[in-house]
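Since we're looking at a predicted model, the values are computed, not measured.
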Amino acid sequence: MEHLWLVPALPLLGFLVLFLTEGRLPDRVVAVVGAGSVGLAALVALFVGYQFTQSGVASHPQVLWTWMAVGSFAPTVTLHLDSLSLVMMGVVTGVGFLIHLYATGYMWKDHEEPRGYSRFFAYMNLFVFAMLMLVLGDNLLVLFLGWEGVGLCSYLLIGFYHRDGANGYAARKAFVVTRVGDTALALGLFLLFWEVGTLHIQDALDQAAALDKTTVTVICLLLLGGAVGKSAQVPLQTWLPDAMAGPTPVSALIHAATMVTAGVYLIARMQGLYLESADARHVVALVGLVTLLVSSFTALAQTDIKRILAYSTMSQIGYMFMALGVGAWSAAIFHLMTHAFFKALLFLAAGSVILAMHHEQDIFKMGGLRKKLPVPFWSMAIGSLGLMAFPFTSGFFSKDAILLTAWTEAGWLYWGGGVLAAGLTALYTVRMMVITFWGETKTEPHDASHGGFSRTNMWLPLVALCALSIGGGWFGIGVLDDTLGALIEVDSHFSPVALATMAMPILMIGLGWLIFTGRINVQGLVDSAVGRGLRRFFAGGWGFDWVYDRVFVGPFVWFAKANKGDFVDWTYRLTAGVVRATHYVAALTQSGRLRWYAANMAAGLVVLLLFVAGWL
Amino acid sequence: MILLAILLLLAAGVVAWASERFIGANAPRWVSLTAFAAGLAWAAFECWSGAADGLYAAQSFEWIPRFGINVILELDGLSLLLVALTMFLGIVAVVSSWDEMETGHGFFQFNILWVMAGVVGVFTAMDLFLFFFFWEVMLIPMYFLIAIWGHENKGYASMKFFLFTQISGLLMLLAILALVFFTQAATGEVTFGYAALKNAGASLPADVRTWLMLGFFVAFATKLPSVPFHTWLPDAHTQAPTAGSVILAGILLKTGAYGIIRFAVPLFPEASLDFAWWGMLLGAASILYGGVMAFSQSDFKRLVAYSSIAHMGFVLLGVYAFNEQGMQGAVMTMIAHGFSTAALFMMAGALQQRLHTREMSRMGGLWKHAPRMGVMTMFFVVASVGTPGLGNFVGEFLALLGAFKQNVWLAVAATVGIVVAAVYGLHLLQRSFQGEPNPQIEAMDDFGFREMSVMALMMLGLVWLGVYPQPVLEMSAATIAGLGVLP
């Protein structure tokens, strides 16, 4: 396990090589460095993970150096391996490598500047490094380093095609909105430090029970603020749909499989703290439930294939938050993992479709692609099954565990909301699939791959992820039991509740199929006044952007514009003006005319005499 | 050795001025560069040779014994850090203005060297009269730098700079004299010595202490600058030549911060503790107001200038948090800001030299022409928005952490400042280097070896400060403990 440090170090090395050569390497070498560094990291991670599981120890810390020591505040840079970080490390390097491999094909000749290929992989490698620091850090400050680092890379990659101003705007929006959450997170760290005297996670959790309950709740809610921003949960979710401006592999890696789930990881990692505060857990579950429903409805009204997937990501992370809130800790991380498989697959397959469609992303301009793009079609179909929690696919196991725990631990509200959203998930997924792949062909696909090199690189990851989406549910069970608790504690998998949970997606797939292939006519309903209003409301993401623009962005920009000249300076300018005016008046008296001087002297004398007279 | 270093800079100034006439227009900048390199080597040597009793070097001899005025120069950890930064940024300043001047090469370098000589004096003087002397020495050459080589509105800007500094300096002079007289009344001895005055401060009446502390504070807060004494800075920075901006932001602002840490607080610890809430309030206000003002600017250089106000807010916040984390955060912010802002001002200068404008509406998409400059701008913007792993983060995090213990709500307000920093920082990057390339710009030279080597040094510096700040923290820890103000 002494090779653990290599796992983050390899992608960092890849970044440094690409950064220091300033894009002068040939693209093929860039591909090898970019994907190879993450691939090697994945191999080392596999090796270390094997050693770890064989060793039987619960956790393995590797101290690298003392970051800063100021008084009692002395965080070290330490990597910490336990089963939770092992799962995360596996997802980040494993799925990360597959996406990198895919990207070597996807980004080939697909950039607007000569050195774009190298710049892309430099950012991607830096991202993987930061993400690994996030999940391996045993100290909240190291976690925060990774946390901010992935945010930075997310910004850089969303705005990768930076000549289009809209992409830049989306990138800045993502960075700023998540930073609002980061502010809360930072405050949470400050409060935690002054309460327990350390930011070392395990030491802090050990002291959690001794803390004042209100304080614990406040800390938990502040950390939740950070998690909500990073994981695109209500009310800080608005950045994620816009983040789809980035290249599709970026959406797959950062905005589906890894970074956006960091909030889930954070809360799971701080389990000991949340266990002390039922109120905080309740809020976590509520945030999850609300996000789940809001984003599922929103996804129903989207027309952009990537935005559908983005809202679906939000809703799946909503499940994970709900799981954390209701106490299904292992299930949350399990769903995080399976979601990484099937959502990465969906994004990569969608990327292949988009590439074949000349960068068209509107599903209503696609259609009938089933036979013409078989590999992307089957990949998307398999990914969709996972997403819809179709029985015995990977997503089924994890979602089932969440919903059944919600039923036993939190009652019908959370279970019902979750099952309703599962139905909606099936509905919008079928809608996306049917409109994209069935019906008449509206745009003729073209062969977007650039020869054999990129073709294989793009197919291999799809095939691998297909396998994981179907079978990945089997090897996730039981791994986390000793860190986070048992996955599921339900007596019977055949109780009415369990059967209803399982049946919901299947029913809705059927219903969706009938609706979107036109066998049930719902046009009248959709075109009614209420239907149109709802559709507009959902399509606009429930008006969150509208409100934020008016409440925050507008006034801020207005004030900045109005005060460009700095009103504080008026005081000084006024002083200067008064001095100048006095100077002018005084200068007037020096006219050089004798009569004027004599008259003034006389007047002055009179005033003086009057004054003296009055005084006497 | 300290006096020798100051004299070296002063003498180099004269030599540089003369060399233009006797050797050629190229000579002055080489003289300057050599002098700063020698100075940096000296600082490195002092650092390497280690400290005795917390002092890396010390000198003292009589100057005007009748009034208790002596030349006392001491180099402790904090001073050494700042002196090293001064020498390094001297090099940066010379390189960034390498071929910016048309005329007056010799006098230009003379002024740079004399400002820096004054700065080194300020950072090492342990006699209040001597301190004030150096305080004035650095003012006049800076005034000339702006007034002679500045841009379109240099007359206004240089006069404003001069008046603000001079008037606030006058307050400090009055406070120094009053402190000496009150001390004399109490102890019967006339002295300007720092150590003697520091111990005597406690015997003063409480209201006198408060007023004297305020005299010092206003002088330093103006230099720092803090809201509401900040308005000289955007004008001075914008109008100054590149080297002038680099020196102003990188070093001269730090003399204000240094003054607060070395004089305003330790000379009047009780009064400062009573004042702490106001100090933190001004800090938080500077962070937020400076950030919002930075966002509202359309001039590249003016934006960076306002961002300096925001960054210096962290210094105030940290110092008046009255704990070790806060104080160390303040010191770290001073040093990291020296690198990050100097680099951004250098970038502003390079852009102005190439495009003859500072207006961001006339830039856009410059990445296409100059990817290296784009990457550099990105790096230093990322550093200045406080990304972990780079120096500014360590400073800001520690300052906020310290502040949080002292006053939660002011710390919360200041933490919101990191969101504002993201807004203006990314705005700067977007409007200059990203977006659709401006069709009016057909080509632009990228950075060459000379600029890149300086940039690379500053990048390395920030990474080092961000990843392993321990050596720096240890150097300043001894000084901070010696101030005797922390509980």
- Note on the structure: Most heavy-atom pairs under 4.5 Å with chain B, out of A:Phe144, A:Phe556, A:Phe175, belong to A:Phe556

- Query: Which region of B:Val467, side chain (C-beta onward) or backbone (N, CA, C, O), has a non-hydrogen atom less than 4.5 Å from a non-hydrogen atom of chain A, or is it both or neither?
  - Reply: both

- Heavy-atom distance under 4.5 Å to chain A: side chain of B:Phe379, backbone, both or neither? neither

- Message: Side chains of B:Glu359 and B:Asp299, heavy atoms from C-beta outward: is any pair under 4.5 Å?
- Response: yes

- Using a cut-off of under 4.5 Å for heavy-atom pairs, which of B:Tyr468, B:Phe397, B:Phe393 has the most such pairs with chain A? B:Phe397

- Message: I want to check something: taking the side chain as every heavy atom from C-beta on, are B:Ser286 and B:His230 in contact at a cut-off of under 4.5 Å?
- Response: no

- Task: Hey, could you give me each pair passing salt bridge (charged side-chain N to carboxylate O under 4.0 Å, His left out) that has a residue in residues 372-387 of chain B? Not counting sequence neighbours.
- Result: A:Glu22-B:Arg372

- Report yes if the side chains of B:Phe295 and A:Val557 come closer than 4.5 Å at any heavy-atom pair, otherwise no. yes

- Query: side chain to side chain contact (heavy atoms under 4.5 Å, CB included) between A:Phe73 and A:Leu141: does it pass, once the steps are laid out?
  - Reply: CA-CA 11 Å; A:Phe73 181 67; A:Leu141 201 65; 4.0 Å; yes

- Task: Go through A:Phe193, A:Tyr169, A:Tyr155 and name the one with the most non-hydrogen pairs under 4.5 angstrom from chain B.
- Result: A:Tyr155

- Given that the side chain runs from C-beta out, which part of A:Leu145 has a heavy atom under 4.5 Å from chain B: side chain, backbone, both or neither? both

- Examine whether an atom of A:Leu191 lies under 4.5 Å from a heavy atom of chain B, and if so say whether it belongs to the side chain, the backbone or both; otherwise answer neither. both

- Contacting region of B:Pro371 [heavy-atom separation from chain A under 4.5 Å]: side chain

- Task: Name the region of B:Val375, side chain, backbone, both or neither, that has any atom closer than 4.5 Å to a heavy atom of chain A.
- Result: side chain

- Message: Taking side chain as everything from C-beta outward and backbone as N, CA, C, O, which of these in B:Val382 sits under 4.5 Å from a heavy atom of chain A? Side chain, backbone, both or neither.
- Response: side chain

- Query: What part of B:Ile480 gets closer than 4.5 Å to chain A, counting heavy atoms only: side chain, backbone, both or neither?
  - Reply: neither

- With only heavy atoms counted, which part of B:Met327 is less than 4.5 Å from chain A, the side chain, the backbone, both or neither? neither

- Contact check, side chains of B:Thr333 and B:Asn392, non-hydrogen atoms, under 4.5 Å: no

- Query: Any idea which of B:Glu474, B:Glu436, B:Lys405 has the most non-hydrogen atom pairs under 4.5 angstrom with chain A?
  - Reply: B:Lys405

Scan the side chains in residues 416-434 of chain B for donor-acceptor partners under 3.5 Å anywhere in the protein, sequence neighbours excluded, and list what turns up.
{"from": "B:Ser432", "atom 1": "OG", "to": "B:Leu428", "atom 2": "O", "distance (Å)": "2.7"}

- Side chains of B:Met373 and B:Leu366: does their closest heavy-atom pair fall under 4.5 Å? no

- Would B:Lys160 and A:Asp569 count as a salt bridge (charged side-chain N to carboxylate O under 4.0 Å, His left out) if you check the C-alpha gap in whole Å, the side-chain angles of each, and the deciding distance to 0.1 Å? CA-CA 11 Å; B:Lys160 200 169 178 180; A:Asp569 202 29; 2.9 Å; yes

- Among the listed options A:Arg573, A:Arg172, A:Met133, the residue most often paired with chain B at heavy-atom distances under 4.5 Å: A:Arg172

- Message: For B:Tyr306, which atoms come within 4.5 Å of any heavy atom of chain A: side chain, backbone, both, or neither?
- Response: side chain

- Query: What option among B:Val385, B:Val472, B:Asp235 has the most heavy-atom pairs under 4.5 Å with chain A?
  - Reply: B:Val385

- Under a 4.5 Å heavy-atom cut-off, does chain B meet the side chain of A:Thr571, its backbone, both or neither? neither

- Are the side chains of A:Asp203 and A:Val196 in touch, meaning some heavy atoms are under 4.5 Å apart? no

- Given a strict heavy-atom distance threshold of 4.5 Å, which part of B:Gln328 is in contact with chain A: side chain, backbone, both, or neither? side chain

- Message: Are A:Phe160 and A:Phe120 an aromatic pair, judged by ring center distance below 6.0 Å?
- Response: yes

- Please state whether the side chain, the backbone, both or neither of A:Trp194 comes within less than 4.5 Å of a heavy atom of chain B. side chain

- Is the backbone of A:Leu140 close enough, under 3.5 Å, to the side chain of A:Trp147 for a donor and an acceptor to pair up by distance? no

- May I ask you to name which of B:Ala411, B:Pro388, B:Ala294, B:Gly389 has the most heavy-atom pairs under 4.5 Å with chain A? B:Pro388

